[in-house]
Novice: 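Before I ask anything, let me first share the structure, which is written out below as structure tokens.
Chain letters run A, B, ... following the sequence lines, proteins first and then strands; every chain starts at 1.
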Amino acid sequence: MAANPKVMTKRILSQTGHLSEVRDFISAAAGEFGFSEEDIANISLAVDEACTNIIKHAYQNAPDKEIVISVIRSKGNFEVRIVDYGKKFDPTEILPPDLRQNMAHHRRGGLGVYLMKRLMDKVEYSFQPGKHNEVRLVKYLQKSPSVARR
Amino acid sequence: MAANPKVMTKRILSQTGHLSEVRDFISAAAGEFGFSEEDIANISLAVDEACTNIIKHAYQNAPDKEIVISVIRSKGNFEVRIVDYGKKFDPTEILPPDLRQNMAHHRRGGLGVYLMKRLMDKVEYSFQPGKHNEVRLVKYLQKSPSVARR
Amino acid sequence: MADFKIHHREGEGVYIIDLKGYLDAHTAPDLETAFQKLLTEKKYRIIVNCRDLTYISSAGLGVFMAYIEDVRKNKGDIKLSNMSAKVFNVFDLLGFPLLYEIYTEEKEAMTKFKTVKAS
Amino acid sequence: MADFKIHHREGEGVYIIDLKGYLDAHTAPDLETAFQKLLTEKKYRIIVNCRDLTYISSAGLGVFMAYIEDVRKNKGDIKLSNMSAKVFNVFDLLGFPLLYEIYTEEKEAMTKFKTVKAS
Ligand SMILES: Nc1ncnc2c1ncn2[C@@H]1O[C@H](COP(=O)(O)OP(=O)(O)O)[C@@H](O)[C@H]1O
Ligand SMILES: Nc1ncnc2c1ncn2[C@@H]1O[C@H](COP(=O)(O)OP(=O)(O)O)[C@@H](O)[C@H]1O
């Protein structure tokens, strides 16, 4: 696997201070793959959101945990897999945000999962009980429009 | 004025059955002016919304009133003026729609004015007391992005 | 005059409305009638396929807002699919994707209905 | 580490925050602090100029949601201006233009504050 030129991996500790490295890593990979500036921005934002959620929720802000980010490029398919070893998560019950409610209750959150779904063509969570969680974010090279419907 | 090649005018009776002619008229003019397909669609939708509102609100669905639509093209500026002789209207108090409220109360409306503002670079209402109302919709040829912020 | 047509289909307990042409203030009442009919017949699992929908104005969007509450109260939903980029843009500007399920393909909407159990 | 800077200005009773760089989960607390300070000083007429804001994630957007209610309750507002298309796109995807005044130019936001009388 390590010899496969189409897979690139980056590991970070669970600290928000590392998010910018993750964005740079993803932007470079997405740029090489041939995405537009807009798509590159959208993909790296989605990966930022996924990593932010892992830091905040899966690891509950513990700063010494590991997050493994892999980019898998196949024909027309740009896939980012993000693995963590923290609390598992099932996003099916997550509703789109209600901004007016958030504003009324000084709520800061609840935007990330919806945003990831809009920014990518596919967002899938899975977990291996007792082992790890994985989120797969996929963007198709030839897809228009650059923003997804759900 | 009639000789000015940069002004084109269309008159319709206040009936929704004439909206499609208005859209065709605006699309043709905006296309000639050099707008992208997306901009053409946005401008003609905005004009549809303005005329729909005049029919519904300014004329309260009376079918025999007049609406005058003029296109004024100057350098980089595409302006549509729509004149009616019905009830006057001040849009400053119109708030953006609250979809959840609308849904809860089976409300169909309240989307048009906000949509016009997003679709055009400028939307201005004015009225000559006892004479007519006018709405001016402006789109700049060289403006990006194609959707306005307010 | 704007040309607008509605076609009805049914499959696996889901009612599919195909929209074709121009949905504006003139033709929106036809869509109202279609939804009213479905509700009268207690058909609450609805997909609106917009593949051939060329145009929509806020009068058309308004119809979707008017019926969604009754449909959802009855454990159904109105899901949308197959919109052109142009039509989707109008829904998007008004924040509809935050409140409605809008799918690229009809079959995704169908799958969603099937994986969530009926009332 | 992401580079993010906040600069404060004041003019005609309006408080202007210039944002520069990357606003993400790491830097969002700095913006929190800036808003908290304004509220403590009872400065409720706020423009956030985003001309030099390169990047925003939902952690940054969250800060705007958290303070708007207090600001508006005090007859003020947080108005936004000068966003790049890239930054605006993120606000737009989440429906912010339906709830926040977002202007192309700072001076338009300023004019709006001046035409609506102060509390
Ligand atoms: N990777 C994750 N691990 C565990 N829980 C998560 C994860 N991502 C999201 N969640 C849960 O889903 C909720 C919604 O996430 P999101 O939309 O990103 O909003 P926010 O993180 O700002 O609360 C979170 O509040 C959290 O409870
Ligand atoms: N041209 C007009 N003349 C008079 N009143 C208008 C006009 N346009 C809009 N209005 C008023 O503004 C309100 C909001 O308009 P709009 O956002 O288009 O929603 P809708 O027309 O669906 O109610 C209308 O309900 C109406 O009261």
Novice: Less than 4.5 Å to any heavy atom of chain A: does that hold for the side chain of D:I68, its backbone, both, or neither?
Specialist: side chain
Novice: I would like to know whether D:Y67 and D:Q36 meet side-chain hydrogen bond (donor to acceptor under 3.5 Å, both in side chains); could you show each step before the answer?
Specialist: CA-CA 8 Å; D:Y67 293 95; D:Q36 272 158 4; 2.9 Å; yes
Novice: Can you tell me which of D:I56, D:L61, D:V63, D:D70 forms the most heavy-atom pairs within a distance under 4.5 Å of chain A?
Specialist: D:D70
Novice: Could you check whether D:E105 pairs with D:R51 (Lys NZ or Arg NE/NH1/NH2 to Asp/Glu carboxylate O, under 4.0 Å)?
Specialist: no
Novice: Are the charged groups of D:D77 and D:R72 less than 4.0 angstrom apart, N to O?
Specialist: yes
Novice: D:I78 versus D:F64: any side-chain heavy-atom pair under 4.5 Å?
Specialist: yes
Novice: Heavy-atom distances under 4.5 Å only: say whether A:R100 touches chain D with side chain, backbone, both or neither.
Specialist: both
Novice: Could you measure the distance from the NE2 atom of A:H18 to the NE2 atom of D:H26? Nearest 0.5 Å is fine.
Specialist: 9.0 Å
Novice: Using only heavy-atom distances, determine whether the side chains of A:T52 and A:D48 contain a donor-acceptor pair under 3.5 Å.
Specialist: yes
Novice: Counting only non-hydrogen atoms closer than 4.5 Å, does D:F96 touch chain A with its backbone (N, CA, C, O), its side chain (CB onward), both, or neither?
Specialist: both
Novice: Please state whether the side chain, the backbone, both or neither of A:E49 comes within less than 4.5 Å of a heavy atom of chain D.
Specialist: side chain
Novice: Name the option with the most non-hydrogen atom pairs under 4.5 Å to chain D; the candidates are A:I55, A:L115, A:D24.
Specialist: A:L115
Novice: Highest number of heavy-atom pairs under 4.5 Å with chain A: which of D:G62, D:A28, D:G95?
Specialist: D:G62
